[in-house]
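These notes concern the structure reproduced below.
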Amino acid sequence: MPRTVSSTTVGIVGGGPAGLMLSHLLHVAGIESVVIDLRTRDEIEHTHRAGILERDSVRLLVESGVSDRVLREGHEHSGIDLRFGGVSHRIDFQGLVGASTWLYPQTDVFVDLADARLRDGGDVRFGVTETSVVDVTSDRPGLLFTDADGVAHEVRCDVLVGADGSRSMTRLSVAGRKEYFRQYPFAWFGILCEAPPSAPLLIYTRSDRGFALISQRTDRVQRMYFQCSPEEAVDDWPEDRIWSELQARLAGEDGFTLKEGRIFEKTVLPFRSYVCEPMRHGNLLLAGDAAHTVPPTGAKGLNLALADVRVLAEVLERALRKNDRSALDDYTERALARVWRAQHFSYWMTTMLHSIEESSDFDVRRQLGELDAVAGSRAGATYLAEGYTGWPHG
Ligand code: PHB
(Lines give C-alpha, C1' and ligand atoms only; values in the text may rest on other atoms or scores of the structure.)
Protein backbone atom coordinates (compact mmCIF):
# COMPACT_ATOMS: atom_id res chain seq x y z
CA MET A 1 0.00 0.00 0.00
CA PRO A 2 1.44 3.48 -0.81
CA ARG A 3 2.59 5.47 2.17
CA THR A 4 2.21 9.18 2.78
CA VAL A 5 5.74 10.37 3.51
CA SER A 6 6.34 13.41 5.71
CA SER A 7 8.90 14.71 8.15
CA THR A 8 9.09 16.26 11.58
CA THR A 9 11.76 16.82 14.21
CA VAL A 10 10.78 14.38 16.98
CA GLY A 11 8.57 11.31 16.50
CA ILE A 12 6.99 10.14 19.75
CA VAL A 13 5.43 6.69 20.17
CA GLY A 14 2.91 6.78 23.01
CA GLY A 15 0.32 9.45 23.82
CA GLY A 16 0.10 8.88 27.56
CA PRO A 17 1.36 11.48 30.05
CA ALA A 18 5.06 10.92 29.17
CA GLY A 19 4.63 11.31 25.40
CA LEU A 20 2.23 14.24 25.63
CA MET A 21 4.26 16.10 28.25
CA LEU A 22 7.38 15.70 26.12
CA SER A 23 5.53 16.96 23.04
CA HIS A 24 4.28 19.95 25.06
CA LEU A 25 7.76 20.81 26.44
CA LEU A 26 9.25 20.53 22.94
CA HIS A 27 6.54 22.84 21.61
CA VAL A 28 7.42 25.40 24.30
CA ALA A 29 11.05 25.14 23.14
CA GLY A 30 9.98 25.66 19.51
CA ILE A 31 10.58 22.03 18.45
CA GLU A 32 8.01 20.23 16.28
CA SER A 33 6.84 16.69 17.09
CA VAL A 34 4.29 14.05 16.12
CA VAL A 35 2.73 11.76 18.75
CA ILE A 36 1.05 8.46 17.89
CA ASP A 37 -0.83 5.99 20.10
CA LEU A 38 -2.59 2.70 19.42
CA ARG A 39 -5.31 3.55 21.93
CA THR A 40 -8.11 6.03 21.37
CA ARG A 41 -8.23 9.14 23.52
CA ASP A 42 -11.35 7.74 25.16
CA GLU A 43 -9.63 4.46 26.10
CA ILE A 44 -6.73 6.28 27.77
CA GLU A 45 -9.09 8.66 29.55
CA HIS A 46 -10.99 5.76 31.08
CA THR A 47 -8.09 3.61 32.26
CA HIS A 48 -7.73 4.12 36.01
CA ARG A 49 -4.18 4.64 37.20
CA ALA A 50 -2.56 6.11 40.31
CA GLY A 51 -3.49 9.44 41.79
CA ILE A 52 -0.59 11.09 43.60
CA LEU A 53 1.62 13.85 42.16
CA GLU A 54 4.94 14.86 43.66
CA ARG A 55 5.61 18.52 44.33
CA ASP A 56 7.75 19.00 41.20
CA SER A 57 5.26 17.14 38.98
CA VAL A 58 2.64 19.72 40.00
CA ARG A 59 5.09 22.56 39.34
CA LEU A 60 5.90 21.15 35.92
CA LEU A 61 2.22 21.00 34.91
CA VAL A 62 1.53 24.53 36.12
CA GLU A 63 4.77 26.33 35.25
CA SER A 64 5.16 24.87 31.75
CA GLY A 65 1.67 26.16 30.97
CA VAL A 66 -0.19 22.83 30.61
CA SER A 67 -2.91 23.77 33.09
CA ASP A 68 -3.42 25.00 36.63
CA ARG A 69 -6.50 22.80 37.11
CA VAL A 70 -4.48 20.62 39.51
CA LEU A 71 -4.29 23.59 41.90
CA ARG A 72 -8.03 24.25 41.68
CA GLU A 73 -9.42 20.70 41.59
CA GLY A 74 -6.63 18.61 43.11
CA HIS A 75 -6.22 18.16 46.85
CA GLU A 76 -3.03 19.06 48.65
CA HIS A 77 -1.91 16.29 51.02
CA SER A 78 0.60 17.41 53.64
CA GLY A 79 1.36 13.85 54.81
CA ILE A 80 0.23 10.23 55.00
CA ASP A 81 -0.76 7.90 57.80
CA LEU A 82 1.32 4.75 58.32
CA ARG A 83 -0.83 2.26 60.18
CA PHE A 84 0.52 -0.86 61.87
CA GLY A 85 -0.29 -2.79 65.03
CA GLY A 86 -3.78 -1.25 64.67
CA VAL A 87 -2.47 2.29 65.32
CA SER A 88 -2.00 5.19 62.85
CA HIS A 89 1.21 7.25 62.80
CA ARG A 90 1.16 10.56 60.93
CA ILE A 91 4.12 11.23 58.63
CA ASP A 92 3.91 15.02 58.38
CA PHE A 93 5.59 15.94 55.09
CA GLN A 94 5.20 19.69 55.60
CA GLY A 95 6.68 19.54 59.10
CA LEU A 96 9.53 17.27 58.01
CA VAL A 97 10.55 18.54 54.56
CA GLY A 98 8.27 21.53 53.85
CA ALA A 99 6.60 19.83 50.88
CA SER A 100 3.24 18.26 50.01
CA THR A 101 1.90 15.87 47.42
CA TRP A 102 -1.29 16.40 45.42
CA LEU A 103 -4.13 13.98 44.96
CA TYR A 104 -4.93 14.37 41.26
CA PRO A 105 -5.68 11.25 39.19
CA GLN A 106 -3.48 10.35 36.24
CA THR A 107 -6.55 10.42 34.00
CA ASP A 108 -6.90 14.15 34.80
CA VAL A 109 -3.21 14.74 34.05
CA PHE A 110 -3.80 13.03 30.70
CA VAL A 111 -6.90 15.15 29.92
CA ASP A 112 -5.01 18.37 30.76
CA LEU A 113 -2.10 17.37 28.52
CA ALA A 114 -4.29 16.20 25.63
CA ASP A 115 -6.30 19.46 25.83
CA ALA A 116 -3.11 21.56 25.95
CA ARG A 117 -1.75 19.81 22.82
CA LEU A 118 -5.06 20.42 21.01
CA ARG A 119 -5.11 24.06 22.15
CA ASP A 120 -1.55 24.60 20.88
CA GLY A 121 -2.14 22.87 17.54
CA GLY A 122 -0.07 19.77 18.38
CA ASP A 123 -0.06 16.78 16.02
CA VAL A 124 -1.35 13.86 18.13
CA ARG A 125 -2.82 10.79 16.41
CA PHE A 126 -4.78 8.44 18.65
CA GLY A 127 -6.18 5.08 17.50
CA VAL A 128 -3.44 4.32 14.97
CA THR A 129 -2.46 0.74 13.99
CA GLU A 130 0.55 -1.11 12.58
CA THR A 131 3.16 1.08 14.25
CA SER A 132 6.89 0.48 13.97
CA VAL A 133 10.16 2.36 14.28
CA VAL A 134 12.87 1.90 11.63
CA ASP A 135 16.47 2.95 11.01
CA VAL A 136 16.95 4.05 14.63
CA THR A 137 20.74 4.29 14.30
CA SER A 138 20.56 6.41 11.13
CA ASP A 139 20.30 10.23 10.83
CA ARG A 140 16.69 9.97 9.62
CA PRO A 141 14.94 7.31 11.72
CA GLY A 142 11.33 6.66 10.74
CA LEU A 143 7.96 6.22 12.35
CA LEU A 144 5.57 3.98 10.40
CA PHE A 145 1.87 3.72 11.21
CA THR A 146 -1.61 3.55 9.75
CA ASP A 147 -3.89 6.31 10.97
CA ALA A 148 -7.46 5.91 12.24
CA ASP A 149 -8.77 6.50 8.66
CA GLY A 150 -6.67 3.66 7.26
CA VAL A 151 -4.02 5.87 5.61
CA ALA A 152 -0.46 4.49 5.87
CA HIS A 153 2.20 7.01 6.96
CA GLU A 154 5.97 7.19 7.07
CA VAL A 155 7.29 10.09 9.15
CA ARG A 156 11.01 10.74 8.97
CA CYS A 157 12.47 12.41 12.08
CA ASP A 158 15.71 13.60 13.66
CA VAL A 159 14.99 11.67 16.83
CA LEU A 160 12.45 9.05 17.93
CA VAL A 161 11.15 8.66 21.47
CA GLY A 162 9.55 5.48 22.82
CA ALA A 163 7.03 6.44 25.50
CA ASP A 164 4.80 3.47 24.77
CA GLY A 165 4.31 2.09 28.25
CA SER A 166 5.24 -1.09 30.08
CA ARG A 167 4.49 -3.31 27.08
CA SER A 168 6.68 -1.12 24.89
CA MET A 169 7.47 -2.29 21.37
CA THR A 170 9.99 0.51 20.79
CA ARG A 171 12.36 -0.78 23.45
CA LEU A 172 12.81 -3.97 21.42
CA SER A 173 14.89 -1.77 19.06
CA VAL A 174 17.40 -0.98 21.83
CA ALA A 175 19.99 -3.52 20.70
CA GLY A 176 22.22 -4.90 23.45
CA ARG A 177 19.95 -3.67 26.25
CA LYS A 178 20.24 -5.13 29.72
CA GLU A 179 16.96 -5.71 31.52
CA TYR A 180 16.64 -5.82 35.31
CA PHE A 181 13.54 -7.55 36.75
CA ARG A 182 11.98 -8.28 40.05
CA GLN A 183 8.72 -10.19 40.47
CA TYR A 184 6.71 -10.04 43.71
CA PRO A 185 4.60 -12.90 45.05
CA PHE A 186 1.53 -10.64 45.40
CA ALA A 187 -0.66 -8.11 43.59
CA TRP A 188 -3.14 -5.38 44.56
CA PHE A 189 -6.89 -5.71 44.39
CA GLY A 190 -8.10 -2.20 43.52
CA ILE A 191 -11.62 -0.85 43.92
CA LEU A 192 -13.44 2.39 43.22
CA CYS A 193 -16.48 3.02 45.39
CA GLU A 194 -19.14 5.64 45.97
CA ALA A 195 -18.44 6.81 49.51
CA PRO A 196 -17.14 9.88 51.33
CA PRO A 197 -13.46 9.87 52.42
CA SER A 198 -12.80 7.83 55.57
CA ALA A 199 -9.86 10.01 56.69
CA PRO A 200 -8.23 13.28 55.62
CA LEU A 201 -5.00 11.66 54.32
CA LEU A 202 -4.03 8.41 52.58
CA ILE A 203 -3.59 5.45 54.93
CA TYR A 204 -0.89 2.86 54.20
CA THR A 205 -1.65 -0.13 56.43
CA ARG A 206 0.33 -3.18 57.40
CA SER A 207 -1.78 -5.86 59.06
CA ASP A 208 -1.38 -9.57 59.75
CA ARG A 209 -3.88 -10.17 56.93
CA GLY A 210 -1.73 -8.20 54.47
CA PHE A 211 -1.33 -4.64 53.19
CA ALA A 212 -4.15 -2.18 52.47
CA LEU A 213 -4.12 1.37 51.07
CA ILE A 214 -6.98 3.79 51.57
CA SER A 215 -6.71 6.43 48.88
CA GLN A 216 -9.22 8.93 47.56
CA ARG A 217 -10.55 10.42 44.35
CA THR A 218 -13.24 13.01 45.14
CA ASP A 219 -15.64 13.92 47.93
CA ARG A 220 -17.91 11.12 46.73
CA VAL A 221 -15.59 8.54 45.14
CA GLN A 222 -12.79 6.65 46.90
CA ARG A 223 -9.96 4.42 45.69
CA MET A 224 -8.80 1.53 47.90
CA TYR A 225 -6.44 -1.39 47.44
CA PHE A 226 -5.60 -4.55 49.34
CA GLN A 227 -2.81 -7.03 48.85
CA CYS A 228 -3.93 -10.23 47.13
CA SER A 229 -2.52 -13.13 45.16
CA PRO A 230 -1.49 -12.38 41.54
CA GLU A 231 -3.94 -15.13 40.50
CA GLU A 232 -6.87 -13.63 42.42
CA ALA A 233 -10.15 -13.68 40.42
CA VAL A 234 -12.24 -10.52 40.82
CA ASP A 235 -15.43 -12.59 40.56
CA ASP A 236 -14.52 -14.35 43.82
CA TRP A 237 -14.90 -11.02 45.59
CA PRO A 238 -18.48 -9.82 46.05
CA GLU A 239 -18.91 -6.45 47.78
CA ASP A 240 -19.52 -7.91 51.26
CA ARG A 241 -16.33 -9.92 51.17
CA ILE A 242 -14.28 -6.92 50.02
CA TRP A 243 -15.62 -4.68 52.78
CA SER A 244 -15.12 -7.23 55.54
CA GLU A 245 -11.53 -7.85 54.35
CA LEU A 246 -10.72 -4.13 54.17
CA GLN A 247 -12.35 -3.44 57.56
CA ALA A 248 -10.39 -6.31 59.14
CA ARG A 249 -7.09 -4.97 57.77
CA LEU A 250 -7.80 -1.47 59.08
CA ALA A 251 -9.23 -2.52 62.49
CA GLY A 252 -7.42 -1.34 65.61
CA GLU A 253 -7.77 -0.25 69.19
CA ASP A 254 -8.78 3.27 68.09
CA GLY A 255 -11.99 1.79 66.63
CA PHE A 256 -11.30 3.16 63.11
CA THR A 257 -13.81 2.01 60.48
CA LEU A 258 -14.01 2.65 56.76
CA LYS A 259 -17.00 4.37 55.22
CA GLU A 260 -18.51 1.88 52.80
CA GLY A 261 -20.43 2.40 49.56
CA ARG A 262 -21.30 0.82 46.22
CA ILE A 263 -18.23 -0.63 44.52
CA PHE A 264 -18.29 0.13 40.79
CA GLU A 265 -14.88 -1.06 39.65
CA LYS A 266 -12.61 -3.95 40.63
CA THR A 267 -9.21 -4.80 39.14
CA VAL A 268 -6.18 -6.88 40.05
CA LEU A 269 -2.97 -4.92 39.48
CA PRO A 270 0.25 -6.79 38.78
CA PHE A 271 3.38 -5.94 40.70
CA ARG A 272 6.88 -5.81 39.33
CA SER A 273 10.07 -3.81 39.18
CA TYR A 274 11.79 -3.43 35.82
CA VAL A 275 14.57 -1.29 34.33
CA CYS A 276 15.96 -1.26 30.78
CA GLU A 277 19.52 0.02 30.34
CA PRO A 278 20.58 2.04 28.46
CA MET A 279 17.54 4.23 27.78
CA ARG A 280 18.89 5.13 24.34
CA HIS A 281 20.05 3.42 21.18
CA GLY A 282 21.26 5.67 18.39
CA ASN A 283 18.51 8.21 17.75
CA LEU A 284 15.86 6.33 19.73
CA LEU A 285 15.33 7.32 23.38
CA LEU A 286 12.98 5.67 25.89
CA ALA A 287 10.92 7.45 28.56
CA GLY A 288 8.53 6.46 31.34
CA ASP A 289 7.15 2.93 31.70
CA ALA A 290 8.75 1.90 28.41
CA ALA A 291 12.08 2.06 30.22
CA HIS A 292 11.09 1.21 33.79
CA THR A 293 8.23 -0.04 35.93
CA VAL A 294 7.88 0.33 39.69
CA PRO A 295 5.41 -1.38 42.01
CA PRO A 296 2.59 1.07 42.86
CA THR A 297 3.40 1.45 46.57
CA GLY A 298 4.65 5.04 46.82
CA ALA A 299 2.99 6.16 43.57
CA LYS A 300 6.23 6.79 41.71
CA GLY A 301 5.31 5.59 38.17
CA LEU A 302 3.74 8.71 36.68
CA ASN A 303 6.10 11.01 38.59
CA LEU A 304 9.15 9.19 37.21
CA ALA A 305 7.77 9.43 33.68
CA LEU A 306 7.34 13.20 34.05
CA ALA A 307 10.86 13.56 35.48
CA ASP A 308 12.27 11.56 32.53
CA VAL A 309 10.68 13.78 29.91
CA ARG A 310 11.78 16.93 31.66
CA VAL A 311 15.41 15.76 31.33
CA LEU A 312 14.72 14.51 27.82
CA ALA A 313 13.24 17.83 26.65
CA GLU A 314 16.32 19.63 27.92
CA VAL A 315 18.71 17.18 26.26
CA LEU A 316 16.76 17.32 22.96
CA GLU A 317 16.74 21.09 22.99
CA ARG A 318 20.53 21.11 23.31
CA ALA A 319 20.93 18.45 20.65
CA LEU A 320 18.49 19.90 18.11
CA ARG A 321 18.54 23.68 18.61
CA LYS A 322 22.15 24.12 19.61
CA ASN A 323 23.34 21.36 17.30
CA ASP A 324 25.16 19.54 20.07
CA ARG A 325 24.40 15.86 19.33
CA SER A 326 26.62 14.78 22.23
CA ALA A 327 23.85 16.06 24.54
CA LEU A 328 21.97 12.82 23.86
CA ASP A 329 24.79 10.94 25.59
CA ASP A 330 23.80 12.49 28.93
CA TYR A 331 20.23 11.26 28.95
CA THR A 332 20.56 7.69 30.22
CA GLU A 333 22.85 8.58 33.10
CA ARG A 334 20.79 11.55 34.28
CA ALA A 335 17.46 9.75 34.04
CA LEU A 336 18.72 6.52 35.60
CA ALA A 337 20.00 8.22 38.74
CA ARG A 338 16.41 9.07 39.69
CA VAL A 339 15.04 5.79 38.33
CA TRP A 340 17.19 3.66 40.64
CA ARG A 341 16.44 5.85 43.66
CA ALA A 342 12.76 5.45 42.92
CA GLN A 343 13.19 1.71 42.36
CA HIS A 344 14.68 1.45 45.80
CA PHE A 345 12.01 3.66 47.38
CA SER A 346 9.14 1.68 45.83
CA TYR A 347 10.74 -1.64 46.76
CA TRP A 348 11.37 -0.41 50.30
CA MET A 349 7.79 0.85 50.84
CA THR A 350 6.51 -2.42 49.34
CA THR A 351 8.58 -4.80 51.44
CA MET A 352 8.07 -2.77 54.62
CA LEU A 353 4.28 -2.98 54.36
CA HIS A 354 3.34 -6.26 52.63
CA SER A 355 3.03 -9.75 54.11
CA ILE A 356 5.00 -12.56 52.55
CA GLU A 357 3.61 -16.05 52.98
CA GLU A 358 6.90 -17.73 53.79
CA SER A 359 7.81 -15.12 56.45
CA SER A 360 9.11 -16.51 59.73
CA ASP A 361 8.09 -15.04 63.09
CA PHE A 362 11.46 -13.29 63.03
CA ASP A 363 10.65 -11.61 59.69
CA VAL A 364 7.31 -10.37 61.00
CA ARG A 365 8.79 -8.89 64.19
CA ARG A 366 11.64 -7.33 62.21
CA GLN A 367 9.15 -5.68 59.83
CA LEU A 368 7.26 -4.17 62.78
CA GLY A 369 10.60 -2.98 64.17
CA GLU A 370 11.34 -1.28 60.85
CA LEU A 371 7.96 0.48 60.76
CA ASP A 372 8.44 1.60 64.34
CA ALA A 373 11.89 2.96 63.48
CA VAL A 374 10.48 4.94 60.52
CA ALA A 375 7.39 6.31 62.27
CA GLY A 376 9.12 6.88 65.60
CA SER A 377 12.25 8.67 64.43
CA ARG A 378 12.55 12.07 62.79
CA ALA A 379 15.38 10.81 60.58
CA GLY A 380 13.36 7.74 59.52
CA ALA A 381 10.19 9.72 58.82
CA THR A 382 12.19 12.37 56.93
CA TYR A 383 13.61 9.74 54.60
CA LEU A 384 10.07 8.61 53.77
CA ALA A 385 8.81 12.20 53.40
CA GLU A 386 11.66 13.15 51.03
CA GLY A 387 11.17 10.15 48.79
CA TYR A 388 7.36 10.36 48.76
CA THR A 389 7.13 14.08 47.99
CA GLY A 390 9.89 13.55 45.39
CA TRP A 391 13.53 14.49 45.02
CA PRO A 392 13.78 17.91 43.36
CA HIS A 393 13.96 17.93 39.55
CA GLY A 394 17.15 19.18 37.96
C1 PHB B 1 -4.00 5.86 44.06
O2 PHB B 1 -4.71 6.73 44.58
O3 PHB B 1 -4.35 5.23 43.07
C4 PHB B 1 -2.68 5.53 44.68
C5 PHB B 1 -2.20 6.32 45.72
C6 PHB B 1 -0.99 6.01 46.32
C7 PHB B 1 -0.26 4.91 45.88
C8 PHB B 1 -0.73 4.13 44.84
C9 PHB B 1 -1.94 4.43 44.23
O10 PHB B 1 0.90 4.60 46.50
Test item: side-chain donor near acceptor, [X] and [Y], under 3.5 Å:
| X | Y | result |
| --- | --- | --- |
| Q222 | E194 | no |
| T170 | D164 | yes |
| E370 | W348 | yes |
| H292 | D308 | yes |
| S326 | D324 | yes |
| R206 | Q367 | yes |
| D147 | H153 | yes |
| E76 | S100 | yes |
| E130 | S132 | no |
| S88 | R83 | yes |
| Y347 | Y184 | no |
| E45 | T107 | no |
| N303 | R55 | no |

Ignoring hydrogens and angles, tell me if any N or O in the side chain of [X] forms a donor-acceptor pair with the backbone of [Y] under 3.5 Å.
| X | Y | value |
| --- | --- | --- |
| Q227 | S355 | yes |
| R338 | W391 | yes |
| R249 | F211 | yes |
| S346 | Q343 | no |
| K266 | I242 | no |
| D56 | H393 | yes |
| S198 | K259 | yes |
| D254 | F256 | yes |
| T332 | M279 | yes |
| S23 | G19 | no |

Between [Y] and [X], is there a salt bridge with N-O shorter than 4.0 Å?
| X | Y | result |
| --- | --- | --- |
| R117 | D112 | no |
| D236 | R241 | no |
| R167 | D289 | no |
| R262 | E239 | no |
| R365 | D361 | no |
| R321 | E317 | no |

The test is salt bridge (charged side-chain N to carboxylate O under 4.0 Å, His left out); show your working for D68 and R72 and say whether it passes. CA-CA 7 Å; D68 64 358; R72 290 179 278 111; 2.9 Å; yes
Step through it carefully: locate the ring centre of [X], locate the ring centre of [Y], and say whether they are under 6.0 Å apart.
| X | Y | result |
| --- | --- | --- |
| F226 | W237 | yes |
| H354 | F271 | yes |
| F189 | Y225 | no |
| F345 | W340 | no |

Does T131 form a side chain to side chain contact (heavy atoms under 4.5 Å, CB included) with L144? I'd like the steps, not just the answer. CA-CA 5 Å; T131 60; L144 309 186; over 6 Å; no
Just grab all the salt bridge (Lys or Arg N to Asp or Glu O under 4.0 Å) pairs involving residues 173-189, residues at least two apart or on different chains.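 Qualifying pairs: R171-E179, R177-E179.
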Given side chains that start at C-beta, do those of [X] and [Y] come closer than 4.5 Å, heavy atoms only?
| X | Y | result |
| --- | --- | --- |
| Q216 | R223 | no |
| V13 | L160 | no |
| Y383 | Y388 | no |
| L286 | V161 | no |
| L201 | R90 | yes |
| C276 | Y180 | no |
| L336 | V339 | yes |
| Q94 | D92 | yes |

Cluster overlap [X] with [Y], hydrophobic side-chain contacts below 4.5 Å:
| X | Y | result |
| --- | --- | --- |
| W188 | F84 | yes |
| Y204 | V87 | no |
| V70 | L103 | no |

Given [X], which partner from the list [options] fulfils the side chain to side chain contact (heavy atoms under 4.5 Å, CB included) test?
| X | options | value |
| --- | --- | --- |
| L202 | I80, D81, I214 | I80 |
| M352 | L371, L368, T297 | L371 |
| F126 | I36, V35, L38, D37 | D37 |

Test ring-ring contact (aromatic ring centres under 6.0 Å, His included) on H77 and F93; report intermediate values, then the result. CA-CA 9 Å; H77 281 217; F93 300 156; 9.3 Å; no
